[in-house]
Each structure stands twice: as structure tokens, then as C-alpha cells.
Amino acid sequence: MYNAKGVPLVLLLLFAAQGVHSCQIIATSSVIQIGSHLSASCDCSHLRSEKSEVIWKLDDDFVPCSRYNVQAKACSVYFPSFDKTSGLLQCYINSSDGLQLMDQINIKAGYPPTPPTNISCLMNIPQNIVKCTWQHQKGSLLEETVTVSTFRSKDNCRTPAGNKYVFNPAKGEHFYIITRKYFDNYKELAVQVTVQNKIGSAASSLLCLIPLQEVKLEPIEIKDAIPHKNCVTLQWTYAKKESFLTDMRCQLQYKKATEKEWTGPAEMPNDVKTMDQCGLLSDEKYDFQIRCIRKTLTGQWSDWGPITSVTTLESVPTGKLETWWRLLESTHEMPLKIQLMWKKLEKNKANAEHLWYIVRNSSDPREANTILCNTTILNCTISLPPEKKSVFIWAHNKAGASPETEIIFTRNGAPVSTMQVSSDGNSSLQVTWDPQASANGYLLEWYKSLELPNCEIYWKTEQKAGRSSVLHDIQPFQKYTVRLYPLYNDSTGMARETEVYSKEGAPDFSPKITLLTVSKSQAAVQWKPIPEQRCNGFITNYTVFWMDTSGREHSSSLNYSTTSYNITNLRPLTTYQVFLRSSTSGGSVNGTVVVLRTAPQDNEDINMMLIMFILFGFLVIIFMIITCIMKQERVKNLLCPIVPDPANSQMGKWASFLEETPKMTFAISDVSQIITSELNIVEGGQVKNPPQVKDKSFEDYGHASNKQSSCFTEDPNKSRYYVNVDTVQYAKVITEGYREQSPPASVYVRSDSTQPLLCDASPSPQNYENTWFHFCSHEDSVFLMEEENMKDFPLLKALQLRED
């Protein structure tokens, strides 16, 4: 339960039980203008002077204490400028139980109302009422009420002449209807509209009118409309309740039935109820409407009356037909077969809805048996003898025939020098050309190239000054043939022709490849060209793709006119996937994949490879032989290195070294420490007549052998001889390996050999032979280690053994 202030009664009873008296908010006004000041007080009988006992709250915010004003038994709050459209002001008491709501009030803010404008009142004679209307824009943010006050008056509504009446229009309405009992038809009536809210009110200006002068007539109805030639006669009447009005002014508007925009309004003659409207097209359906107003122009125009439709009469066609032709058949034995074409006349020239056309071979329509064609369509086919060069055509309707048009069948004039055709969107083509100086005009002809010879021909003419034209209603992905003819006085020029697409796309499909032959490394394929009606554009190229099982892909791009290809460089006994891609400037499409497998290598190829291998090996051998011959010395040194000759070494020239016999300071067991080459020490042997040994060291060194061989000389200038024995004892001393060869483990090696040590003294000594052999005069000689020969072996001389 709530009291008038919205405070729960239970809360008030609780306050009374606790000895707390109620409080009441007293404000300047609960509705104020936005931006004005507001003051309110909370009157409590128990309130003392403590400021903290009363707390104010506006909506959800506490009011600052600086706005408080505490008096004896009340605490007031002040807002210098209230800028909210609405707010809930609440008064609380701060007690030991916390904040307690004592009272609250809703504050609304807005603006004063604006006065209504454009007030007007019109009398409806048939209904005998006055309807007043006005305009008002609501912006006060507060609830408003509207009242309409009227009274009879005189002296231009300055003096009331009767009671004042106040009416309340429906909420939201901007009009009010005053009935007949509150006005006189011929006396002044004052009308005023007032808008009021809780802040203030605003009234419109006072409207003063005589009801019968402020009249809106009923819509005028046309009773009859009679067509004749290019005119229509209209008749109309007023409504029955307005028949007493004679001073009226009316207007007429009309339009073609196929159009939306009206022509007019046009003034009609005064004080008449009939008129003729001329200047209309023949055989055309028109709509007519009429409206009227008091002649004094007081009041308001009536609404337009109902539409009245009428069709004008036909008249003779005017103007010549635009014609064209094409040759279908032409032989020397048969007549010419020609298709004639012409354009439909414009409505303002046809002067009728339906026309028919007559073609004659003579310009005089009165001649009999001259009709070649009589049709209602825009073309016909005729046959003429080859010598006939022209025919004539007329357009007919019910009123008569148009002027004749001659069609000349000659095309021997010069063509235009250049012509370009390009796409002007998906459904149009742009044609440009260089004009001919002597041409009277140009004719453009286009058709679908793939529908010949039964295709529909499209054509149009251009003026003499024309240099370009746009062809509309072109279907994309269709190939068109465009021709341009210059028109001369007595003939037609030769055509300039081109083929074009307004928009190209990918072909509908790509041809499937057919395998012709497959070998171990090649495959011949072919395909059929795409039908032109499935190309959707000009084929720019074909691309053959082939891919093996390892994923390696190869391709070759071919000319658009190619229908076969030979794939090379294939691997034997390998599977390949082959397909064909067809491309236009609008896209590409891949064909069906074909699988092929190459053949294996045959015996002939293997034999050929073997022959090639043998030939290659033979060439390599010949090359090596030629290289060995040309580089003989180098090869010889690489394969058989030359053993150095001690006699020809540089050490043989060391005179100071040869003149001094070195002393051996090492033991025989250390002979391996001597850095020398390989040398042989041969001991002297016993013979039948043994010679005297000159060097005792050699004699002691060779004691192990009983049979020896010696080569000695009685005279240096005489020939030497040799003695063969069964066994020759000699020793071999090796100190270091020759050319990185490992030396034998034994330093001193004794050998028994029955082979004599021979020297060939017969021929001249070679440069690699020891000079000691040069002194042998016999064919075979035995080495004789004599002192005088030690000069030729400086290393042996260095190793000569001496007794300590």
C-alpha cells in the first residue's frame, strides 16, 4: 500500500511507532523549464538544527551539502540550473538505523510549446462542413494539449458577433472538422489553434474566413472523349451539389498510357464544359484528368478527377523506311535470291499501331502484277533476274501508304580504310572507323558467326559524321561477325569485316589425346579441334603435359592450329600420364589424362651400344699409344728409372777427396752406418798361374773361397784375359735402400755362383757403364780389384779395409 506521495504506509506506521514524525517535500514546481532554477524543502516537525540529520538525493547521486539550507524545522536544497529532462528528488534522514527515505518527488523539465503554423480552413459544399488544418512541430518534451476555438465575428474578425466555441481535436491529429451549426456560409468565422503544456501555451494567428469563399470542390469527372484525326474532344460536368457555382476555373492534364509523366496542367476555357485537345499522336492511347477551383482563386483546387482513356485515330505514315539486304544465292542460270530487311517506323511516323509492307519491282503502285512481297513482318525474300538492280517498298496502314523507299542492289563503292572492334562490356561492342569523305552514312551489320546461313542479321545505320558506334545486346562467349558498309548516293560500299567476342571464357572442354605410336623414347599423339560453339573464345594455344611416375612434369606449348605432337626424350619401359590443356584469353581447361608406357630396349640398341663401347675403347688405346710414342723418354723414365752410374757421378770429380785415403774409425760390424749405394766386393781367386795380389786387404777379405776368378793386366796397353773357374766367391754390402726401397736385413751377404763376372770389352763402352770395364781388352774378363782401378770407384776406395 502506498500513500499519495509514493511512501509505503507500512514505513509510515513504523516511523509512528518509533516516535519519528513524517516529512514532506515542498518544491517550487514539479514541472520546470530546462535550465531554470529549482528549490525544494523537506519539512520535518522533529528536525533540529543539525545539518547531518537530512540528506538529499537526485536520482542515484547524493546532493552536495553546499546546496543545503537548514532552518528551524526544515532543510531545503537549491539547484541554480536544472539541466535534466526528468529527475527523482528524494529526502532521507540519517538515523541510528541508517538512511531512511522520508519523501520523494518527480521533477520534469522541458520547454514551452511552439505556436501552430499554416492554419487553413476549407468548406466542403456537399458535406456542408468546414475542415481546418494546421502544422505543429512538437519539441517541448512535455505532454501537450491542443484546442481549436471559433466564434462568429465582423469587422474583419476584430469584433466577436457570437459565442466562442472551444473544440479538442483527437490526440496526435492536426485537423478538426467544424460542423454547420457553428458557422454561417456568408458570415465571417474566426478560427485559432492553441497548444498548451504545464510550462505555458502558444496560439496560432487568428484566421478570418467566409466559409462559402473557402471551398474545395469535388473532383471533376469527364463524361465523354471523342477522337478525331490528331485531336480529342472532352466534355465534363460538376457535382450536383456544386451545380450552382458558375464562376469556376479548370485545368487539364494528359499523358500516353505507356508513360508515367503527365503533360500539363493546361488551362481550360472559362465557363465552358467542353474543349478540344490537339497535337496528339495518331493511333495512340491517352489518359485525361481535370480539376477545378473557384474563379476568385479562393479556397483550394479540387482533387484530380478519375482518369478517362481514349485512343486517337490513325493517319497516313510519314517518312521513309530504313532498309537493308543480303544476297542468298546468285548463279548465271537462276535468278538472284535476295533477303530484304527494314526497320519499324517510329510511332510518331507510323501513325498506327499495326502496319503492313508491300514490295514492288516498279515505283508506280498502280501497275498490276508488280508486287513482289506483301507482309506484316520486317523482312522478306524475293527472286530477281540478274539484270534487276533495285526494288521499291511502302509502309501501309488504314489511312494510307508512306512515301516509297528504293533499295539498290549494288556494292561497288570503296570500303572504309580502317575499322576496329573491341569489347565495351559483357554485352556490348565498340566499333570505330575512319570516315570516308564521300559517304552519306554508314551501315553496321553483325550476326553470330556460327549460325550462318540461317542466322538472324542485326543492323543499324549511322550518320555521315559518325566515327563510332556501340552494338548492344551482344551475348558473351559468342563469336560475332561485324561488317561496316559506307553508304553512297547510288551504291553501297564494300564491307570491312572482323570477328570478335564481347567476353571470352575457358573452353567447355579440352580434347582427349589419342595415342598414335609409342616407342622406347617417343610417343606420337593427336587430338580433334574443339568445335567453335564450345570454344567460348579464340583458342590461343594448346599445351601438352606428360609426367612420369616420379612426378617429373614436362610440357610443350603448341600453336592453336596444331592437332598432333611427337613427345620425345622419353625413358624406356616407363609409365607416363599425358593430357592436353586448351587456352583462350578468358581461361584454360585440362583434358582427360591418358596413360602410356614406353617400350623396352631392343637387341639392335644393345648391339649398337656394344659397338659404340668397343669403338670408344679402341680410340682410348690408340690415344695411349700415340701418347707413349710422343712422350717416349718421359714414359721410359716413369716405368724404368735410370740407375745412376758412379763413374759419371759428380763425386768422381772430387780430386781432394780421392787424393786422401780416409781412415776407418769404426768397426767392421758398424759398416751399416756408412751411407752408400749398393756395391759389390769381389775377392781374387786361385788360378793355374795365380797372379800376385797387390792389396793384402782384399786377400784377407776373400779367404772363405777356394776357387776364384781374377782379371789382371800385365800391361796397361795390352789386352786383358779372363779365367773361368767353377765357383766365384764374392761379397755384397748393402747400406741403404734405393729410392725409398727397404734394405735387406743382412748387411753382409756371401753368395756362391758359377756365373763368371764378365765384362764386354769389345764394343765401345756406353755412358752408363763403369769406366773400369773400358780397360778390358778381351771379349770377356774377370773383375780384378787393383789399386789403380780404385780411382774409378771412390766409394769403394772409402770403404777399403785396412789392418790396424
Side-chain angles (χ1 to χ4, degrees), residues 112-140 143-197 200-221 238-251 265 270 289-306:
T114 57
T117 58
N118 295 334
I119 181 172
S120 63
C121 295
L122 295 173
M123 181 179 179
N124 188 311
I125 294 179
Q127 299 179 7
N128 205 11
I129 58 175
V130 173
K131 182 179 180 179
C132 296
T133 60
W134 61 90
Q135 294 180 354
H136 176 246
Q137 185 175 3
K138 185 176 181 180
S140 64
E143 186 177 356
E144 297 176 343
T145 58
V146 179
T147 57
V148 177
S149 57
T150 63
F151 57 90
R152 295 181 178 88
S153 62
K154 56 184 180 180
D155 300 333
N156 200 14
C157 296
R158 289 192 293 268
T159 304
N163 296 329
K164 184 176 182 180
Y165 303 97
V166 178
F167 308 101
N168 295 315
K171 186 176 182 179
E173 297 290 347
H174 291 80
F175 69 90
Y176 188 78
I177 296 176
I178 304 174
T179 58
R180 176 71 179 81
K181 63 186 260 186
Y182 297 107
F183 66 89
D184 292 332
N185 290 337
Y186 299 97
K187 293 184 178 180
E188 295 179 352
L189 177 66
V191 179
Q192 190 173 36
V193 180
T194 304
V195 180
Q196 185 177 6
N197 61 18
S201 63
S204 66
S205 58
L206 188 66
L207 176 64
C208 187
L209 72 150
I210 297 176
L212 200 56
Q213 293 181 352
E214 303 294 334
V215 175
K216 181 178 181 181
L217 303 178
E218 288 292 306
I220 307 301
E221 181 179 359
Y238 301 124
K240 293 182 180 180
K241 293 183 178 180
E242 297 172 350
S243 59
F244 66 95
L245 298 175
T246 56
D247 53 345
M248 301 179 65
R249 180 179 176 184
C250 298
Q251 291 180 342
N270 295 330
Q289 282 182 321
I290 294 177
R291 69 176 181 178
C292 296
I293 194 174
R294 295 290 299 272
K295 190 174 183 180
T296 56
L297 297 182
T298 59
Q300 193 174 22
W301 285 97
S302 67
D303 295 331
W304 288 102

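Computation of the quantities below employed the complete heavy-atom set of this structure, encompassing side-chain atoms and omitting hydrogens, waters and symmetry-equivalent molecules. Just so we're clear, the structure is a prediction, and the values are computed from it rather than from any experiment.
Taking 4.5 Å as the limit, every side-chain heavy atom of Leu122 sits out of range of all side-chain heavy atoms of Val215. Here the side chains of Asn185 and Arg180 are in contact, with some heavy-atom distance below 4.5 Å. With contacts defined as side-chain heavy-atom distances shorter than 4.5 Å, the pair Ile290/Gln251 does not qualify. The closest side-chain heavy-atom distance from Val195 to His136 is below 4.5 Å. You'll find the side chain of Ser120 stays beyond 4.5 Å of the side chain of Trp134, heavy atoms only. Annotation: side chain of Met123 is in contact with side chain of Asn128 (closest heavy-atom distance under 4.5 Å). Looking at Trp301 and Asp303, their side chains never come closer than 4.5 Å, going by heavy atoms from C-beta outward. Contact of the Thr147 side chain with the Val193 side chain is not registered, since no non-hydrogen atoms from C-beta on lie closer than 4.5 Å.
Shortest non-hydrogen contact noted between Ser140 and Pro112 is CB-O, 4.1 Å. Shown here for Ile119 and Val191, the closest heavy-atom pair between the two residues is CD1-CG1, 4.1 Å. Contact detail for Val148 and Pro169: the closest heavy-atom pair is CG2-CG, 3.8 Å. When all heavy atoms of Ala202 and Pro116 are compared, the closest pair comes out as O-CD, 4.0 Å.
No hydrogens or angles considered: nothing links the side chains of Ser153 and Thr159 as a donor-acceptor pair under 3.5 Å.
Between atom CD of residue Gln192 and atom SG of residue Cys157 there is a gap of 11.0 Å, rounded to the nearest 0.5 Å. Atoms CZ and CD1, on Phe183 and Ile210 in that order, are 13.0 Å from each other to the nearest 0.5 Å. Between Phe167 atom CZ and Ile177 atom CD1 the span is 12.0 Å, to the nearest 0.5 Å. Rounding to the nearest 0.5 Å gives a distance of 10.0 Å between CZ of Arg249 and CZ of Arg291. Rounding to the nearest 0.5 angstrom, the gap separating the CG atom in Asn124 from the OG atom in Ser302 is 11.5 Å. Within the model, atoms CD of Gln127 and CD of Glu218 stand 7.0 Å from one another, a figure rounded to the nearest 0.5 Å.
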| request: Evaluate the criterion side-chain contact (heavy atoms from CB on, under 4.5 Å) for residue pair Ile178 and Thr150; output intermediate values, then yes/no. | output: CA-CA 9 Å; Ile178 304 174; Thr150 63; 3.5 Å; yes
| Trace of the side-chain contact (heavy atoms from CB on, under 4.5 Å) decision for Ser149 with Lys164 | CA-CA 7 Å; Ser149 57; Lys164 184 176 182 180; 3.5 Å; yes
| request: Please lay out, stage by stage, how Gln135 and His174 fare under the test side-chain contact (heavy atoms from CB on, under 4.5 Å). | output: CA-CA 7 Å; Gln135 294 180 354; His174 291 80; 5.8 Å; no
| task | Would you check, one step at a time, whether the test side-chain hydrogen bond (donor to acceptor under 3.5 Å, both in side chains) holds for Ser201 with Thr194? | result | CA-CA 7 Å; Ser201 63; Thr194 304; over 6 Å; no
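Relative orientation of the Tyr182 and Tyr165 rings is perpendicular, given thresholds of 30° and 60° on the angle between their planes.
Salt bridge present: Asp184 and Arg152 bring a charged side-chain N and a carboxylate O closer than 4.0 Å.
Environment of CD in Gln137: sparse, with no more than 12 heavy atoms of neighbouring residues, nucleotides or ligands closer than 6.0 Å. No more than 12 heavy-atom neighbours from other residues, nucleotides or ligands sit within 6.0 angstrom of NZ on Lys154.
Within the cation-pi definition used here (under 6.0 Å to the ring centroid, within 45° of the axis), Lys131 qualifies as a partner of Phe175.
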